[in-house]
Number of protein chains: 2
Amino acid sequence: MSPIRRLTDAQPTLATVAERAGVSRQTVSNALNNPELLREDTLARVQEVIAELGYTPNRAARQLRTRSSHMIGLRFEPAPEGTSNALMDRFVHTLVEATAKTGHHIVLFSGDPDDPLDGYDELLRATAVDAFVITDTYAGTPQADLLHGVGAPFVTFGRPWEDPSARHPWVDVDGARGGELATEHLIEVGHTRVAWLGWERESRIGEDRRTGWRRALDAAGLDATGLGVRTTDNVDAARMAAHELLEDGRTTGFACVSDTIALGVLHALAERGLRPGADIGVVGFDDSLGAQVTWPGLTSVRQPLEQVAIEIVDLVNTVLSLKAVANPARMLEPTLVVRRSTLRDG
Amino acid sequence: MSPIRRLTDAQPTLATVAERAGVSRQTVSNALNNPELLREDTLARVQEVIAELGYTPNRAARQLRTRSSHMIGLRFEPAPEGTSNALMDRFVHTLVEATAKTGHHIVLFSGDPDDPLDGYDELLRATAVDAFVITDTYAGTPQADLLHGVGAPFVTFGRPWEDPSARHPWVDVDGARGGELATEHLIEVGHTRVAWLGWERESRIGEDRRTGWRRALDAAGLDATGLGVRTTDNVDAARMAAHELLEDGRTTGFACVSDTIALGVLHALAERGLRPGADIGVVGFDDSLGAQVTWPGLTSVRQPLEQVAIEIVDLVNTVLSLKAVANPARMLEPTLVVRRSTLRDG
DNA sequence: ATGAAAGCGCTAACAG
DNA sequence: CTGTTAGCGCTTTCAT
């Protein structure tokens, strides 16, 4: 353990350590950054003094000299109220852990919600961060253009929908595969009329997921006519849409673009006295808390957010090391978490 | 707008601005930090050049000189899977926004989950942060002791349960009042046997909330015998506990220490064919996403997390300014969000 | 009201 | 392998 020292006490510096160890400051610096340059006994002596004094290099000084802050910026948006988005929690935590391994930290900043570019520039010019992780790419990636324009390193969670030719590194989850997984599962447990409850057509992510639904139906030779419905991402809108689809008494499977919408379907079932699982199969998307705790449990597509974070950090590190990025576009596969909303003998 | 400049281009410094404006570096520094010292025309000229060049002070240099990073550390723990804790999302976002107003940023760091002290020391010694916000105080506040010991500024979200005499600044929400609100509401809508489903006795927060339940029953002259139950914070455990209480057919109100537990009660009702609201009243705690989207909507106690964040930042700023803190302990009131799980004519 | 000098703690570049 | 020198960009102190 390091000795206890009040902040008001003088912090030990390189010079303190150097003097105490009887070497020059540069040698201490090397002991820290290029230990292989030192003779073994010198290294040992220096390290001993470092431990003894509880010395930690001053970040500001190092940052000023090396022009690298070891900070990574993340613009932090709040999850819109009523939306299943505790996702960020899993993602951000892994991000923090993964960056810590290389001595980096995550700096949160905010920005005008109406201006996706707000905040980036300032941190950059202040040389406060080395790179950015960008998560809100659903509305295009003007941030990417900005950062690319000034030559700042960044990685996005989300592919560049608007510009597939964009060459920046990104990590994303295959939403189409998710929709397909959901639909295949519903077909497998015996549903033949499987509806899709999606977001508005403007949502690239929503349309992507929907293509997976369509692909699965086609592969199984099932009819999709009249079964693809678009609605807004809230429980009530989804509830109404579900009621309409349930009118004919023939639609028994619901693949949904989000857990919120799937929960709306469950509400509709409750109102009609239909049993989730036994009568009607429902699958959500995101494996949010709601899916886990709702009654009777909602089958849902789960994104590998931890893996996304790890891949992103890997890409950030590669970019920062100025190495060419071998594989700058990484698509990860979602999985299906089965719960009772699709169990027929529930 | 600032001019576009690639990172590889030389960033303008104080010297650049000074030369261009025909003043000394010191004058530019004053224009930034003590504008009232400059003559009006000088100030205007300097500001013009700053805007023209898109100059932003280098944080590292400033930090090295002033020994203040304008960074605030927050140890970021993941919400345990299956727990209603998207709370942090609301809290952290407001924290980020509020700190931004004074030019501060939030730095996330992680630590060994088994060591509540891990991570603090290092950031401190590296002079990477000016202060900490501590959120995980439910298991006592060893961090507070550590930071107090080294004289580092910090504010906790959560009162010092273990040591009420502790003098550090904190903000907390009155959990007892929350339990009381929940219980009063259930009594108001006509329930006379109101059970409490709480956490294990070891949880200070849980016991605090419970006292509010007891207070409300006593005030209404209702019997609490056999109605106070403790269980673990998961849906299934709560479901079982609810079944037991429902056996006698007399218990009709459930005040719960968390939304997770309240959702367990809703499961039990579903399994018994009882209607939430009409037959049995259920109130949760935290107004989590689950409470909002579950069917038929869960009445829940809501913590004013945004206000907590704002108060915390206010305290951090006060502490950092070295002013005496007038009111270092701030208790905020929760509110009740009524949904259909307590509406009798639902 | 403005300027000159010094130095925060570190590492890059070079010399030995 | 180790030491010396210089300077990153800023603010503090003191002089004008």
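Computation of the quantities below employed the complete heavy-atom set of this structure, encompassing side-chain atoms and omitting hydrogens, waters and symmetry-equivalent molecules. By convention in this document, chain letters (A, B, ...) are assigned in the order of the sequence lines, proteins followed by strands, and residues within each chain are numbered from 1.
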Round to a whole Å and report the spacing from [atom1] of [X] to [atom2] of [N].
X: Arg67(A); N: dA12(C); atom1: CZ; atom2: P; value: 12 Å
X: Asn30(A); N: dC14(C); atom1: CG; atom2: P; value: 15 Å
X: Leu53(A); N: dG9(C); atom1: CG; atom2: P; value: 14 Å
X: Arg125(B); N: dC10(C); atom1: CZ; atom2: C1'; value: 17 Å
X: Leu38(A); N: dC1(D); atom1: CG; atom2: C1'; value: 8 Å
X: Gln63(B); N: dC10(D); atom1: CD; atom2: P; value: 13 Å

- Between Arg67(B) and Asn58(A), a side-chain donor and acceptor under 3.5 Å: no
Name the closest nucleotide to the [X] side chain, picking from [options].
X: Leu64(A); options: dT4(D), dT11(C), dG9(D); value: dG9(D)
X: Arg65(A); options: dG3(C), dC8(D), dT11(D); value: dC8(D)
X: Arg39(B); options: dC10(D), dA1(C), dC10(C); value: dA1(C)
X: Gln26(B); options: dA1(C), dT12(D), dG9(C); value: dT12(D)
X: Thr27(B); options: dT11(D), dG9(D), dT2(C); value: dT2(C)
X: Ala61(A); options: dG3(D), dC10(C), dC8(C); value: dC10(C)

- Do Arg25(B) and dT11(D) share a donor-acceptor pair, side chain to base, under 3.5 Å? yes
- Query: Which class fits the ring pair Phe157(B) and Phe91(B): parallel under 30°, tilted 30 to 60°, perpendicular over 60°?
  - Reply: tilted
- Task: Fit a plane to each ring of Phe109(B) and Phe132(B), take the angle between them on a 0 to 90° scale, and name the class: parallel (under 30°), tilted (30 to 60°) or perpendicular (over 60°).
- Result: perpendicular
- Query: What does Leu14(A) touch in the nucleic acid at a heavy-atom separation under 4.0 angstrom: a base, only the sugar-phosphate, or nothing?
  - Reply: base
- 5' priority, DNA chain C, between Leu43(B) and Ser29(A) [closest heavy atom]: Leu43(B)
- Query: So how far is it from Thr27(B) OG1 to Leu14(B) CG, rounded to the nearest 0.5 Å?
  - Reply: 10.0 Å
- Message: Do the side chains of Arg20(A) and Glu52(A) get close enough for a salt bridge, i.e. N-O under 4.0 angstrom?
- Response: yes
- Message: Quick test of your reading of the model: are Asp314(A) and Arg330(A) salt-bridged, counting only N-O distances below 4.0 Å?
- Response: yes
- Item | side-chain contact (heavy atoms from CB on, under 4.5 Å) partners for Val319(A), two or more places apart | Pro153(A), Pro169(A), Val325(A)
- Note on the structure: One would report the end-axis bend of the helix from dA1(C)-dT16(D) to dG16(C)-dC1(D), five pairs per end and rounded to 10 degrees, as 30°
